[in-house]
4 protein chains.
Amino acid sequence: MFDLATHPWMRGLFGDDHLAAIFAPEAEVKRMLKVEAAWTRALGDIGETPDAYSVADSIEAAQIDPQDLQDGFARDGVPVPALVKMLQAQLGPDAAEWVHKGLTSQDVMDTSLVLALQGVLRILLERLQNLDESLDDLQRRFGTARLVAFTRMQPALETRVAETIGRWRHPVPRLLTSVETARKQVAQIQWGGPIGMRDHPNAAQLGVAFARNLNLTDPGRSWHMDRSIIANVAHALVQITTAAGKIGEDIALMAAIGPSQITLSGGGSSAMAHKNNPVKAEALIALSDYAGTLQMSLTRAARHEGFRSGRAWTLEWIAMPQLCLATGASLVQTALLLESINGLGANA
Amino acid sequence: MFDLATHPWMRGLFGDDHLAAIFAPEAEVKRMLKVEAAWTRALGDIGETPDAYSVADSIEAAQIDPQDLQDGFARDGVPVPALVKMLQAQLGPDAAEWVHKGLTSQDVMDTSLVLALQGVLRILLERLQNLDESLDDLQRRFGTARLVAFTRMQPALETRVAETIGRWRHPVPRLLTSVETARKQVAQIQWGGPIGMRDHPNAAQLGVAFARNLNLTDPGRSWHMDRSIIANVAHALVQITTAAGKIGEDIALMAAIGPSQITLSGGGSSAMAHKNNPVKAEALIALSDYAGTLQMSLTRAARHEGFRSGRAWTLEWIAMPQLCLATGASLVQTALLLESINGLGANA
Amino acid sequence: MFDLATHPWMRGLFGDDHLAAIFAPEAEVKRMLKVEAAWTRALGDIGETPDAYSVADSIEAAQIDPQDLQDGFARDGVPVPALVKMLQAQLGPDAAEWVHKGLTSQDVMDTSLVLALQGVLRILLERLQNLDESLDDLQRRFGTARLVAFTRMQPALETRVAETIGRWRHPVPRLLTSVETARKQVAQIQWGGPIGMRDHPNAAQLGVAFARNLNLTDPGRSWHMDRSIIANVAHALVQITTAAGKIGEDIALMAAIGPSQITLSGGGSSAMAHKNNPVKAEALIALSDYAGTLQMSLTRAARHEGFRSGRAWTLEWIAMPQLCLATGASLVQTALLLESINGLGANA
Amino acid sequence: MFDLATHPWMRGLFGDDHLAAIFAPEAEVKRMLKVEAAWTRALGDIGETPDAYSVADSIEAAQIDPQDLQDGFARDGVPVPALVKMLQAQLGPDAAEWVHKGLTSQDVMDTSLVLALQGVLRILLERLQNLDESLDDLQRRFGTARLVAFTRMQPALETRVAETIGRWRHPVPRLLTSVETARKQVAQIQWGGPIGMRDHPNAAQLGVAFARNLNLTDPGRSWHMDRSIIANVAHALVQITTAAGKIGEDIALMAAIGPSQITLSGGGSSAMAHKNNPVKAEALIALSDYAGTLQMSLTRAARHEGFRSGRAWTLEWIAMPQLCLATGASLVQTALLLESINGLGANA
């Protein structure tokens, strides 16, 4: 509710331009239109209307100002009814018949969320691969230097820097796998209609066509109140912020111990010029803690009463984009933090 | 990190223009300048410089573009060093000497937060009084109607609507007291310098003067890592979202039971025209759940290691403005929800 | 659900015999009987029955095996109906009429919780006073020694040990005030009957008499679904674990820096004999984190739907005793940790 | 810290005898001895000592009173050093040499946790299969009856009971898969020695032998501070409590609507004999909320600083057994709740 991703100065530590672009309101409207268009094309694919493809093109070309959805959202609790009405007015009565026919708001919003998550997770996968390379590079530069391993906040035994970096790197392959697994699993259309029953004579073909038009799969049923595939994405994201937060914890502690462990560039103080605060490391810990509380919201949001829960779904809207942005920012700052390392351990 | 307060459509249910204005970056810069100016005046008040007041006026009149603080924030983890540097450059070398002299970044940011919270809490107090009046009005309109009280999700005994509204109203006086108590308690300057020791020969007078110039009190010492007065504000805010969330829970359940309990206006469905969803009630529950997770972050953020914890303080910046905005939105929506009540209970 | 307070070895770091005794099932049964007896006496006080006091004595003398309440609890979701039934059977038909007459289960359980909390908070007040004395003693022993203050995980400036201990001590007076305020506020009877309406011709006198018999106050109405006074206790407790956790964070970091900051006794390793782990400090941090999550549960539990929420109330039963125990353990370990300090800072 | 699983009456709704037996202190000691024995046998397997198997048998036969570990735990923050010392004293000096040689406390405790989780997850798998059968049975009994589907707390459209039960059943196969996946993934030995480096000339063979002796796999490295496989188990458990909590939410709402939706047996009130409260449904919601906050603790506990974090690991000990027990209780109560259904929907 306080947009760190676009805040003039806070985005310096918490921003993520690439993910912020995905969740920009204009991008959200565009995705919803894309979903509506794909649906209308699917109606054409199963022969329900000959003009489907041209109507769909008009849907995607429609101009909807996000601001105009505010009143409808306040009234309906979802932006879709207002969007559909505006869309139908722009397309004229003949085309209007083929807009949103057989869909419910949640079908549009969930499928749009899925498309957003596809983009988010692809970016995160790329960043995780870059992280692996950065760590590999650090290994080559500093791996053989000596440093004292700390256990339970106490110097334990001397080891090599390679051991520390290895511990940062170990989770990466598992993170790559879990993000990719979650991405594939969530690459599904949402379609069910009002109470999720897919009440249509050609439901099977229609679902498949809808999915194909969006390059998604059709799970064969709606998942309106089964948020497990969203929860699995959230879990994968939190694993990333944990792994990044661990790097932050380590570097903050190493920086406290001193140059025998690490030297960093950057991090000024307004009152003490000699200090060099590990601000990116601290930001990683804060983001990890924050991500943990967002997960708590998403766990609560995963439990719907009845066939659709407004309270749960609404909470998901608040928490899920934030968790994506926090995770994205976490990887952006990890990369910058690793770049800022001037020295690790001590050469004999 | 996903700004519901200014999001084109989401602000329809989650927005709060008045509180959003307080946390706007331009307002934050203005507050930090106000704090720096009050400090420079205080240096004049104790006779440290004759020109303090004219320097202070120049500080307040300085033009700082929030965007220009991004690089400094990314480097220093606080916007203040960059702000001070720009300020000093604008004021010239003679005046520069009297800018931020003896302060640390946290003194500026915490005092600025205190000023923001003063504004926030005053607005919330007013809204709570309005809430009380709205509930009083509902009492007069519907109090004598009959309805069945539910306990443990089961119809228990018949009672009057007055009992239900009374239960919504009962917490209000306590909320007013707790918000006002928290507001007065937090109306303190932060001043300590680098490690919070107030290292100045005239520390006592300087603190008092600084406080007086901002219409705050001087606690006589710094509270850099003692966030209890912030935690107390957070607690007061969460009590509000709980009370509002309870109204939301009640109305959502009453709406499920039907017109013998409540009838509301608004709340459309894109697929089922006959429905009238209690969307504001659901939003209140979601905001209450969300506020609970923000409080969790703030509890974590209240525990600083050493004389200043970057990780804890950073987390506070993420969570505190959001909790204010969530609480504000909660009271905005409660007012609208109560206005939308067309009927309560049944007349004999 | 995993009883650290009585666990054979875990109680070594997480146990609190005094608070555990308060929440022992036998003590809970005894308190419920005490509440039922006070109620029956109150019925006598207002002249509803001449034999009230002798019946009440029999109630308090009744033998109820906690194990026998299991089936009733599983069926009713509260232990009270089964307890009352057993009580009435033991007392015989004449006395049975004056048992629990006009009460509901929640009246008994909430008033019993209030009595438990009175005991808990009195013990915590005493421990906070002892903490203050221990810190005062440390000040005298080590206050003038020098040590480097850390801000943002970096050595900042040299100061005296007195400054560090002062920061541990500063919160104590506020904690004492907030615990005592919460204790007095919660020293209320719960009485409302089935849906909380106090449906009795002499409700005012009856409430006052019931309260007087338990040395509590009568708020003049029920608070079945208004858990704010419980939430305020929870908030006071979490402030304690935060203050203790801060001592833990500081000592863990100081121990990592080394003997120029602190030396501790105790804390062995099975593999590295030279190590002296700050295990009590670590336990304080873990307890503080854990208390934060319990508070999250209690915030959720404070929002009741309707006139009584089983889901919310049940969650309170799970979380509230644990929060008390975690807070108690936190103060027990803080005392032991401070005792284990062999040295603080360095003498010039 | 408040043992619902063994509490005389609370275990009626929150107990789980099978899982409680796994986490009983005596069972924990036995598991630790089993791990130590398997290690000693592994030393024999690689030829380090001829007597390994007989020493190992003596280790498993040793009599250790859990109470005797308290002082050691309080001092060391882990029970293992005291356990090893007692074990060595019982076995005599010759055998003592082959006890715990090359292990660190965390190796023993984590491997013991893994063994516990194997038992827990196997039981949960069985219960999930039973849940599936119970739901199948309900389908057969009530599937064709009519009921009104609720979306956003409002009656939406009429449907069949089969649709509601289908939504309870849909998650089950995914839960089975995720529990089984988590179980296999966590079926690993922990072995690293003091700082996790496996400092032994025959490390590869030793790890494999140790794993084989416990019927676990060897991941080829230690995972002291990489808790991702524990976090994955936690995630799988929370998915179960969410699915069970959804059944609870649905049944509580259906019970509020009335017999056209559901009729249940059980659930008395001490004041209103006509009521039949859905106490098991409410318990499922409370357990689900509680599990969500425990997950929050585990997310925090997954982030270790350095080569071993006492604060993080300690928090895991508090939260993980509780999450297992809450999940177990959740499935026990779901089974009982479904059994208590007397009617679902209405026949035409």
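Nothing here was measured: the structure is a model prediction, and the numbers come from that model.
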Which region of A/Ala312, side chain (C-beta onward) or backbone (N, CA, C, O), has a non-hydrogen atom less than 4.5 Å from a non-hydrogen atom of chain B, or is it both or neither? neither
How long is the straight-line distance from CG of B/Leu284 back to CZ of A/Arg311, given to the nearest 0.5 Å? 11.0 Å
Does A/Val78 reach the side chain of B/Trp9, with side-chain heavy atoms less than 4.5 Å apart? no
Between B/Trp317 and A/Met10 the two heavy atoms that sit nearest each other are CB-CE, 4.2 Å
In Å and rounded to the nearest 0.5 Å, what is the CZ to OH distance from A/Arg300 to B/Tyr290? 15.5 Å
Side chain / backbone / both / neither for A/Lys85 at chain B, heavy atoms under 4.5 Å: neither
Any salt bridge (charged side-chain N to carboxylate O under 4.0 Å, His left out) involving residues 313-324 of chain A? Give me the pairs, sequence neighbours left out, ordered by first then second residue. A/Arg227-A/Glu316
Are there more than 12 heavy atoms of other residues, nucleotides or ligands under 6.0 Å from atom NE2 of B/His200? yes
Nearest 0.5 angstrom please: B/Ile285 CD1 to A/Ser309 OG, how far? 7.5 Å
Looking at B/Asp71, B/Leu336, B/Leu323, B/Asp289, which one has more heavy-atom pairs under 4.5 Å with chain A than the rest? B/Asp289
Contact part of A/Leu13 toward chain B, heavy-atom cut-off under 4.5 Å: side chain, backbone, both or neither? both
Quick check on B/Ala20 against chain A: is it the side chain, the backbone, both or neither that has a heavy atom closer than 4.5 Å? neither
Could you report the tightest heavy-atom contact between A/Ala74 and B/Gly12, atom names first, then the distance? CB-O, 3.3 Å
Quick check: do B/Ile318 and A/Leu4 have side-chain heavy atoms less than 4.5 Å from each other? yes
Heavy-atom neighbours of B/Asp199 CG exceed 12 at 6.0 Å: no
Qualifying salt bridge (charged side-chain N to carboxylate O under 4.0 Å, His left out) pairs with a residue from residues 11-26 of chain A, counting only residues at least two apart or across chains: A/Asp16-A/Arg127
Is there a side-chain contact between B/Thr314 and A/Phe14 (heavy atoms, below 4.5 Å)? yes
Identify the two heavy atoms, one from B/Ser297 and one from A/Thr293, that lie closest to each other, and give their separation to 0.1 Å. OG-OG1, 3.1 Å
Counting only heavy atoms closer than 4.5 Å, note whether A/Gln295 contacts chain B via side chain, backbone, both or neither. neither
Under 4.5 Å heavy-atom distance to chain A, tell me which part of B/Gln333 shows up: side chain, backbone, both or neither. neither
Nearest-0.5 Å distance, CZ of residue A/Arg308 to CG of residue B/Asn277: 8.5 Å
Validation row: A/Glu28, B/His7 side chains within 4.5 angstrom (heavy atoms): yes
Nearest-0.5 Å distance that lies between atom CE in B/Met296 and atom CG in A/Leu294: 12.0 Å
